*Asks:* 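Below you will find the structure I want to go over with you.
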Amino acid sequence: EVQLVESGGGLVQPGGSLRLSCAASGFTFSSYYMNWVRQAPGKGLEWVSAINSGGGSTYYADSVKGRFTISRDNAKNTLYLQMNSLKPEDTAVYYCKFTDLTGEVWGQGTLVTVSS
């Protein structure tokens with residue numbers, strides 16, 4: 001079974017940091033681009049970041065560029081998102097996601113709340 005499980009969310013103060021993880025199983029993780037997507041309360045999905053299969057190429061939405069870092073450990077089948085200088089507008093459910101031959105695969109999400 002193809003599965004993605006996010007973890008690491010929680011409550012942080014503005015300016016703080018958080019590291020999200022996405023544990024992958026049931027597929028050849030090292031063969032796929034991976035993405036982070038978020039959904040703020042009451043808003044739609046927003047693509048955040050992507051990384052190629054080997055981890056050598058990364059991409060970011062303008063809203064997080066310079067603050068977030070995507071990475072992966074293919075030996076551990078794990079995707080990461082290091083989130084620094086967090087802002088209240090970063091509050092959202094964060095999902096890891098990829099596209100396989102049949103369509104999009106999403107994790108259950110992990111909630112990040114940035115508030116004082």
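From a predicted model like this one, the values you see are computed outputs, not experimental measurements. One is the number of the first residue; the rest follow in order along the sequence.
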*Asks:* Show the nearest heavy-atom pair for residues Tyr33 and Tyr59, with the distance to one decimal.
*Replies:*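 Scanning both residues, the minimum pair turns out to be CE2-CE1, 4.1 Å.
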
*Asks:* Taking all non-hydrogen atoms of both residues, which atom of Pro41 and which atom of Ala92 are closest, and how far apart?
*Replies:*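 Residues Pro41 and Ala92, closest heavy atoms: CD-CA, 4.4 Å.
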
*Asks:* Any donor and acceptor pair, going by atom type alone, linking the side chain of Thr110 with main-chain N or O of Tyr94 inside 3.5 Å?
*Replies:*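 Not at all, since once roles are kept as given, no pair shorter than 3.5 Å links the two residues.
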
*Asks:* If you measure from CE on Met34 to NZ on Lys97, what distance do you get to the nearest 0.5 Å?
*Replies:*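 Going from the CE atom of Met34 to the NZ atom of Lys97 covers 9.5 Å.
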
*Asks:* In terms of hydrophobic clustering (I, L, V, M, F, W, Y; side-chain heavy atoms under 4.5 Å; direct or indirect links), are Leu86 and Tyr80 co-clustered?
*Replies:*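 In one cluster: no.
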
*Asks:* I want to check something: taking the side chain as every heavy atom from C-beta on, are Ser30 and Thr28 in contact at a cut-off of under 4.5 Å?
*Replies:*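 Answer yes - side chains close enough.
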
*Asks:* Between Asp90 and Lys87 (salt bridge meaning N to carboxylate O under 4.0 Å), is one present in this structure?
*Replies:*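 A salt bridge is absent here (no side-chain N lies under 4.0 Å from a carboxylate O).
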
*Asks:* What I'd like to find out is whether the side chain of Ile51 reaches to under 4.5 Å of the side chain of Tyr60, using heavy atoms alone.
*Replies:*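 No. Closest side-chain heavy atoms not under 4.5 Å.
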
*Asks:* So, does Arg67 use its side chain to make a donor-acceptor pair with the main chain of Ser85 at under 3.5 Å?
*Replies:*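 Looks like yes, one N/O pair under 3.5 Å.
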
*Asks:* How long is the gap from OH on Tyr95 to CG on Leu4, to the nearest 0.5 Å?
*Replies:*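 It comes to 13.0 Å.
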
*Asks:* Answer yes or no: is there a donor N or O on one side and an acceptor on the other, between the side chain of Glu6 and the main chain of Cys96, under 3.5 Å?
*Replies:*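 Here the side-chain-to-backbone pair exists.
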
*Asks:* Do Val64 and Arg38 have side chains that get closer than 4.5 Å, going by heavy atoms?
*Replies:*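 A side-chain contact under 4.5 Å exists here.
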
*Asks:* Any side-chain heavy atom of Phe98 sitting closer than 4.5 Å to one from Val2?
*Replies:*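 Sidechains of Val2 and Phe98: in contact.
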
*Asks:* Using every non-hydrogen atom in the two residues, find where Ala23 and Thr78 come nearest and quote the distance to one decimal.
*Replies:*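 That closest heavy-atom pairing would be CA-OG1, 4.5 Å.
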
*Asks:* State the CG-SG distance between Asn35 and Cys22, to the nearest 0.5 angstrom.
*Replies:*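 Asn35 CG to Cys22 SG: 10.5 Å, rounded to 0.5 Å.
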
*Asks:* Any side-chain heavy-atom pair from Leu20 and Trp36 closer than 4.5 angstrom?
*Replies:*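 Yes - at least one pair of side-chain heavy atoms lies under 4.5 Å apart.
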
*Asks:* Val48 versus Val37: any side-chain heavy-atom pair under 4.5 Å?
*Replies:*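 No, every pair of side-chain atoms sits at 4.5 Å or beyond.
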
*Asks:* When rounded to the nearest 0.5 angstrom, what is the spacing between CG in Leu79 and OG in Ser21?
*Replies:*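 Spacing of CG (Leu79) from OG (Ser21) equals 8.5 Å.
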
*Asks:* Quick one about Glu89 and Ser63 (side-chain donor to acceptor, distance below 3.5 Å, no hydrogens or angles considered), yes or no?
*Replies:*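 Result is no, nothing qualifies.
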
*Asks:* Decide yes or no for Ser115 and Leu11: does some side-chain heavy atom of the first lie under 4.5 Å from some side-chain heavy atom of the second?
*Replies:*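 When only atoms from C-beta onward are counted, Leu11 and Ser115 do touch, with a gap below 4.5 Å.
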
*Asks:* Any idea which heavy atoms bring Ala50 and Trp47 closest together, and the distance?
*Replies:*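 Closest heavy-atom pair between Ala50 and Trp47: N-CZ2, 3.5 Å.
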
*Asks:* Kindly compute the distance separating OG1 (Thr58) from CZ (Phe68), expressed to the nearest 0.5 Å.
*Replies:*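 That separation rounds to 14.0 Å.
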
*Asks:* Please round to the nearest 0.5 Å and tell me the distance separating atom OH of Tyr32 and atom OG1 of Thr99.
*Replies:*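 Spacing of OH (Tyr32) from OG1 (Thr99) equals 10.0 Å.
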
*Asks:* Looking at every non-hydrogen atom in both residues, tell me the closest pair between Val93 and Gly109 and how far apart they are.
*Replies:*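 Looks like CG1-CA, 3.8 Å.
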
*Asks:* Donor-acceptor pair, Asn74 side chain versus Phe29 backbone, under 3.5 Å?
*Replies:*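 No.
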
*Asks:* If you take all heavy atoms of Thr91 and Val114, which pair is closest and at what distance?
*Replies:*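 So the two residues come closest at OG1-N, 2.9 Å.
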
*Asks:* So, the side chain of Trp106 versus the backbone of Gln108: is there a donor-acceptor pair under 3.5 Å, distance only?
*Replies:*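 No; zero donor-acceptor contacts below 3.5 Å.
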
